[in-house]
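In what follows, every chain begins at residue 1, and chains take the letters A, B, ... in the order their sequences are listed.
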Amino acid sequence: MSTPQHAGDQKATTHTPTALVAFAWALVGVPLAYGLYNTVKAASALFGG
Amino acid sequence: MAVPSFLARERIIARPGFNRWLIPPAALAVHLCIGQAYATSVYKAALVSHFESSLTAIGIIFSIAIVMLGLSAAVFGTWVDKNGPRAAMFTAACFWSAGFLVGALGISTEQLWLVYLGYGVLGGIGLGIGYISPVSTLIKWFPDRPGLATGMAIMGFGGGALIASPLSRQLMNWYDPTYDGTVGTTPTGAAVAQLFVTLGLVYLVFMMFGAFIVRVPAPDWRPDGFDPSAVKAKSLVTTENVSANNAIKTPQFWLLWTVLFCNVTAGIGILEQAAPMIQDFFRNGETSTVVAATAAGFVGLLSLFNMAGRFVWSTTSDYIGRKPIYMVYLGVGLVLYVLLATVGSTATWVFVILAAIIISFYGGGFATVPAYLRDLFGTYQVGAIHGRLLTAWAAAGIAGPLIINGVLDARGTPGQLTAGDYRPALFIMVGLLAVGFIANLMIKPVAEKWFEPKNTDAPTTASTTGDRSLSR
């Protein structure tokens, strides 16, 4: 499912470099992980008594 | 209004073989930035002190931004659909970043009106355009899983606050070492101004990255193995298209507006008061068994459930359908609100679980609505229709706090309220959820008279131009 196909277009095909996809996901994933870590740390006070 | 050629929709039509999994991070790059709007409380006290003003006067900055979000999404929705996601993301990045920079100037020169103009007006326009910019593109790239696709992006809006809060504290600590982020310390206005400049520049780069990797699918593109007739077989799902101008003439649009308004208003009822609410629910005389640090942890937990609900519930809607999932948000939400009002004060864990699930429904309601619009009105101008629907958010942003603050003001003074004082507000929310539930039940397929002629397709039908993009 990750690489869709095109139906009926006569133009040349392209290839999206896997490294570009990985880089893009890392660029949004790393800050999100930082935010999640800090929020979980703050939320842990709720269970720490 | 024409856009420069490098931003034009025709320049970003993907060639065959393009990997659609590059689109969600492009969308997230925008939503993670504009989600900062939910992290303004970090520097609120500092601005009150810097401007020698009131919480209300500073709170207006955020209110202006949310109202401008709703207005700009409604006004520019058609422009966004016509010119495509790159032009929209680029414009949103410029406005959002300019908002911070003008806001920083206002803080540095101690002119609060400049902060209203900057973060409120300019930033609010960036919020509105940015919020809707990737939505219709994602729906077109993921016709087989629209709920998952929009859930991922709109989850980013919730996630943006999770990033901005600790990041802002850290940056303000660097700019003002006397501030350590704990209760009782407040950063200087200069530190907040420097924070605004830093965020403005970082968000500009980040959002531009999203703008330059985003692509739109060719008009006849479809995912491998995708059968549109299988989607059409589900009730309420159309393969026809309705224009934005016609959509707002249908009862379906206004019923869905009511659904979103009720769901958001009810959620804001808890979000607005989260920290004091948990302390008041477990108050014993002058003191509460829930200390401030625990209350802050509760706010963090709600943020997590707000974000997770956007992804989990929206993805679930791809399997059980949009109407049933809103029956869950509103119907189960209603029951949970009744439980919160009646047995919420029996134990902290009961209160926390009930509130967390309610907030997950609040987030889910935001994330699922673009897919619901796609089901009802098709993909033709779904971004513009979504923009118009977001006026419900702006209205709820006013109504929710008004209800909860109005009731609490009438019941007593902050610091002395108890669980019983919240009951009237909670039962008003129950009534609102009941109205939303009925509105959702009344939604039927759109009448044929509103459909566009058969040859109408998404604006991606525009002719292609020279191949000058790197990875199209």
Side-chain angles (χ1 to χ4, degrees), chain A, chain B residues 13-22 24-29 31-32 141 144-145 155-156 159-167 169 206 209-210 213 217-226 278 290-291 293-304 307 348 352 464 467 470-472:
Chain A
M1 186 171 90
S2 62
T3 307
Q5 288 179 344
H6 187 277
D9 197 302
Q10 299 304 309
K11 287 189 297 181
T13 58
T14 188
H15 171 70
T16 312
T18 308
L20 177 62
V21 179
F23 174 73
W25 276 101
L27 204 66
V28 294
V30 169
L32 196 54
Y34 162 81
L36 279 172
Y37 168 76
N38 278 285
T39 309
V40 168
K41 207 166 72 171
S44 64
L46 194 57
F47 306 104
Chain B
I13 297 174
R15 285 191 285 160
F18 179 83
N19 190 335
R20 65 174 171 169
W21 288 98
L22 201 53
L28 279 167
H31 271 239
L32 285 175
W141 275 114
D144 48 340
R145 305 283 298 279
M155 172 191 78
L162 302 193
I163 299 168
S165 292
L167 180 66
R169 280 195 201 95
F206 217 72
F209 173 76
I213 64 169
D220 55 353
W221 176 88
R222 66 182 54 157
D224 191 15
F226 174 63
I278 190 170
V290 177
V291 297
T294 310
F298 173 62
V299 174
L301 189 81
L302 290 188
S303 302
L304 287 175
M307 191 184 88
T348 316
V352 169
T464 56
D467 179 13
L470 283 175
S471 61
R472 288 198 299 170

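Summarising the geometry, atom CG belonging to B/N19 is positioned 10.5 Å from atom OG1 belonging to A/T14; distances are rounded to the nearest 0.5 Å.
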Side-chain polar contacts of residues 19-36 of chain A - donor-acceptor pairs under 3.5 angstrom, sequence neighbours left out - could you list them?
unit_1	atom_1	unit_2	atom_2	d
A/W25	NE1	B/W21	O	2.9
A/Y34	OH	B/L167	N	3.3

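The two residues A/A43 and B/G300 come nearest to each other via the heavy atoms CB-C, 4.3 Å. Annotation for B/S303 and A/T39: closest pair CB-CG2, 4.4 Å, computed over non-hydrogen atoms.
By the side-chain contact (heavy atoms from CB on, under 4.5 Å) test, B/V299 is found to be paired with B/A274, B/A275, residues two or more places apart in sequence or in another chain being considered.
Contacts of B/L301 with chain A are made by both backbone and side-chain atoms, with heavy-atom separations under 4.5 Å.
Of the listed residues (B/L302, B/L304, B/V290, B/T348), the one with the most heavy-atom contacts under 4.5 Å to chain A is B/L304.
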